[in-house]
Structures are given as structure tokens and as C-alpha cells.
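Please read the structure below before turning to the comments.
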Amino acid sequence: MSRALARLAAPEFNLALTLNSGQVFHWLPHRNGFVGAIGDAPVYVEQRGDELRTNAKPQFVARYFALDHPLMDIYRTFPNDPTMSEALTFCRGLRIIRQPAWECLATFITSSMKQVAHIAQISHTLRRKFGKRLRLAEIELFAYPTVAALAKTSELELRKCALGYRAKNLLGTARMIANGEVELEKIRAMNDDDARAELCRFPGVGEKIANCVLLFAYERVRAFPIDIWIERVLRETYFARKRKITAKRLREFSQSYFGEFGGYAQQYLFHHARSTRKKGAR
DNA sequence: CTCCAGGTTCCGG
DNA sequence: CCGGAACATGGA
């Protein structure tokens, strides 16, 4: 495979960090890089310094990994405080990628109250069971199941994939899209608030998951998902020794304090907190 | 065994 | 608007 790899410039980018930061869940280590599907395309990609090598079309890969995002300009908008600075040092080169909307929405519906490792496991199970089989040389890969494919399964069948109570939500969402009740592409034209409200019409989608989808699939880089990790960071860092900080207050603070690239700041804080505080590092 | 994980929804103050 | 409880599953 290595003979046929195309090359593309990828300055200010850290592939491994980006793929392991909890925004996308199906890429697997392979040789010197990773294999995964970008939509229906089987992709191998590896990083050598400031360059990527891939079997796929360079522009296609560059778009997926958002290599056009002005990372240096984005960093300049980050607030200047110790916690944010540490996260930036730790996560430099992490990019918010452009995921297909349906795949991102469906994956985050299965993410509620689940560890990252388990979200990945569910993604692989669903792909293998209901997704299109793809081939990359000797490797077998699977696309995420289409809306139609999941819409015609059953709650029972999905529960067999360890979805638990999320099965009903995933199925209901697939059916709402399959019957035209909500059109994911129409959301692209909406402003952030309308888009968020539209996403919240799906069962199992509340503000947090809607914000993840806005950030990871609709390129709304201001969207600031607040999960338990981020909530801890906010409370401990910016509201230390304060009682009674409501969810509403946290939401308002994060929107104003982190600014126009709040979604980026959020992902850096999230990944840094998770990486440094799980292996007994505290 | 107990605790917790990239939450949402429903219900009673 | 706010706090609690129920909801499934598996890894630590």
C-alpha cells in the first residue's frame, strides 16, 4: 500500500491526537497510521511530520480533517488563563473535523452515559452489522449504517448491540429522518439557535448532544457541549468555592468567556482533562 | 461489589 | 427554572 500513497501538506496538525480526542470513534491504528471510513470511502492515513500520506484523494482528506481551519488565529481567540494555556500546550494540533451529519448525530445519540471506549465499540458493532462493507487492500472496513438501514431495524435488534435504552432513541431518530419529518441538510442553512432546536426534536437529543453535532458535523465552532468532564473543569476552574452554580449559569458563562471558537476551546479542555485525570494522575 | 461514563426526559417544588 | 430519579451496560 505504501507505494501508492498520495501526500499532502498538513501543518499545525496532530493526526493521532485528533482521532483520539473523543470527537470521532471508529478509527483504528494500522501500521504507521490509522484506517477508517470517511463516509463510504475506506481510508488509510499516516502522518510524517507536517505531511499526511493517504490512499484517498488529498483534497478529500484535507476537508475531513479541516486542514483549512486557521489554527493559529483560533488559538489567539482563546482566553488567557492557566487552565486554558495548559490545555492548549497539551492539545496543540488537535482539529475539529468535519464529520458526516447523520453518522455524527447517530453516534452521539449512542454516547449518553457511556465511556468513550464503549461508544467506539457500539459504533463498530453497528457498522459491522448494518453498514456497507468496504475494502482497503487486505483490510475490511465498514461504513456507518445509512438512515434507511437503521430505520428498518427494530428496537430489539438494536438492543442486542448493547445500546440499552438508547436503542429506542436511535431507531426513532432514523425513522424521523427516513420519513422526511426532519431534513439534516436543511439544518445547514439555519442559524445556530434554530439548528440546535431542530436537532433537539430527535428523541434522545438534548442540548449537549445537539451541540456536539453542531460542532463536529455542522462546523459551528462556537457550539460548546457541556458534559460532566467539562462541567467539572468549569466548576473547579472558573467557579471555585462557589455554591449553587446552575446549568444555565455555566452555559451563559461558557458562551461569553470562550468566544467565537468556543467549540475548539471546549474540545481542548475536554481532552486535556480526560487525559490527565484518569490514570490516577490526581 | 461499587462506582461511573461526552445525557435526556419526566415530575414535583 | 431547579433538583431528583429512572434509564442499560461494561470497564475500572
Side-chain angles (χ1 to χ4, degrees), chain A residues 17-27 87 91 94 96-97 99 103-126 129 154-174 176 182 196-218 220-221 223-236 239 242-254 258 262-282:
Chain A
L17 187 59
T18 297
L19 292 181
N20 292 322
S21 67
Q23 57 177 314
V24 64
F25 304 92
H26 72 281
W27 291 85
C91 298
L94 193 171
I96 302 292
I97 71 176
Q99 297 185 48
E103 167 179 331
C104 181
L105 170 64
T107 301
F108 275 94
I109 284 174
T110 66
S111 78
S112 89
M113 297 306 299
K114 280 289 177 197
Q115 294 182 349
V116 168
H118 200 192
I119 301 168
Q121 189 190 325
I122 290 172
S123 169
H124 282 116
T125 303
L126 291 174
K129 203 158 178 181
S154 65
E155 184 182 334
L156 191 62
E157 223 175 343
L158 290 177
R159 274 183 181 259
K160 287 181 190 163
C161 303
L163 285 186
Y165 66 87
R166 306 157 193 81
K168 181 181 291 193
N169 295 333
L170 181 59
L171 183 62
T173 296
M176 281 174 71
V182 180
R196 185 178 299 106
E198 192 69 1
L199 288 169
C200 285
R201 290 176 57 197
F202 293 119
V205 178
E207 184 155 322
K208 188 270 171 183
I209 290 177
N211 277 329
C212 285
V213 178
L214 287 178
L215 179 60
F216 301 133
Y218 288 96
R220 308 305 170 97
V221 289
F224 195 100
I226 300 179
D227 72 317
I228 40 186
W229 287 93
I230 285 294
E231 180 167 340
R232 274 203 289 263
V233 171
L234 294 180
R235 285 183 191 281
E236 293 173 8
F239 296 93
K242 291 228 167 105
R243 296 270 148 220
K244 309 280 279 185
I245 302 300
T246 65
K248 184 175 188 296
R249 182 104 172 72
L250 289 178
R251 186 171 58 219
E252 289 164 355
F253 168 78
S254 54
F258 294 100
Y264 258 93
Q266 177 277 154
Q267 190 63 10
Y268 279 48
L269 292 171
F270 170 80
H271 185 61
H272 178 241
R274 234 174 59 80
S275 302
T276 55
R277 201 188 297 195
K278 63 180 168 185
K279 276 281 185 171
R282 252 233 84 204

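Every chain is numbered from 1, with letters handed out A, B, ... down the list of sequences.
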Distance-only donor-acceptor pairs under 3.5 Å for side chains of residues 164-173 of chain A, two or more places apart:
| residue | atom | partner | partner atom | Å |
| --- | --- | --- | --- | --- |
| A:Tyr165 | OH | A:Ser112 | OG | 2.7 |
| A:Arg166 | NE | A:Ser112 | O | 2.8 |
| A:Arg166 | NH1 | A:Leu163 | O | 2.9 |
| A:Arg166 | NH2 | A:Ser112 | O | 3.0 |
| A:Thr173 | OG1 | A:Asn169 | O | 2.9 |

Solution key, residues 208-217 of chain A side-chain donor-acceptor pairs under 3.5 Å, sequence neighbours excluded:
| residue | atom | partner | partner atom | Å |
| --- | --- | --- | --- | --- |
| A:Asn211 | OD1 | A:Arg196 | NE | 2.8 |
| A:Asn211 | OD1 | A:Arg196 | NH2 | 3.2 |
| A:Asn211 | ND2 | A:Glu207 | O | 3.2 |

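With sequence neighbours excluded, no residue forms a salt bridge (Lys or Arg N to Asp or Glu O under 4.0 Å) with A:Arg232. Legend: residues meeting salt bridge (Lys or Arg N to Asp or Glu O under 4.0 Å) with A:Lys244, ordered by chain and number and at least two apart, are absent. In this structure A:Arg249 satisfies the salt bridge (Lys or Arg N to Asp or Glu O under 4.0 Å) test with no other residue, sequence neighbours excluded. Partners of A:Ser123 by side-chain contact (heavy atoms from CB on, under 4.5 Å), not counting sequence neighbours, listed by chain and number: A:His26, A:Arg127, A:Tyr144. For A:Glu157, there are no salt bridge (Lys or Arg N to Asp or Glu O under 4.0 Å) partners at least two apart in sequence or on another chain.
A:Lys168 has its NZ atom 8 Å from the P atom of C:dA8, to the nearest Å. One can place CD of A:Gln121 at 11 Å from P of C:dA12, the figure rounded to the nearest angstrom. Distance A:Lys160 NZ to C:dT9 C1': 17 Å, rounded to the nearest Å. Per the geometry, NE2 belonging to A:His118 stands 15 Å off C1' belonging to C:dC7, to the nearest Å.
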For nucleotides 2-6 of chain C, give me every protein contact, N/O to N/O, under 3.5 Å, one pair per line with atom names.
| residue | atom | partner | partner atom | Å |
| --- | --- | --- | --- | --- |
| C:dC2 | OP1 | A:Thr246 | OG1 | 3.1 |

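For the P atoms, the distance linking C:dG3 with B:dG6 amounts to 23 Å, nearest Å. Nucleotides C:dA5 and B:dC4 place their P atoms 15 Å apart, quoted to the nearest Å. Taking the P atoms as reference points, B:dC1 lies 15 Å from C:dG10, given to the whole Å.
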- Message: Across nucleotides 3-13 of chain B, 5' to 3', mark each nucleotide with B, S or - according to how protein heavy atoms within less than 4.0 Å reach it.
- Response: --BBBSS----

- Stepwise ring pair (Phe, Tyr, Trp, His ring centres under 6.0 Å) check, A:Phe108 with A:Phe25: CA-CA 10 Å; A:Phe108 275 94; A:Phe25 304 92; 5.5 Å; yes

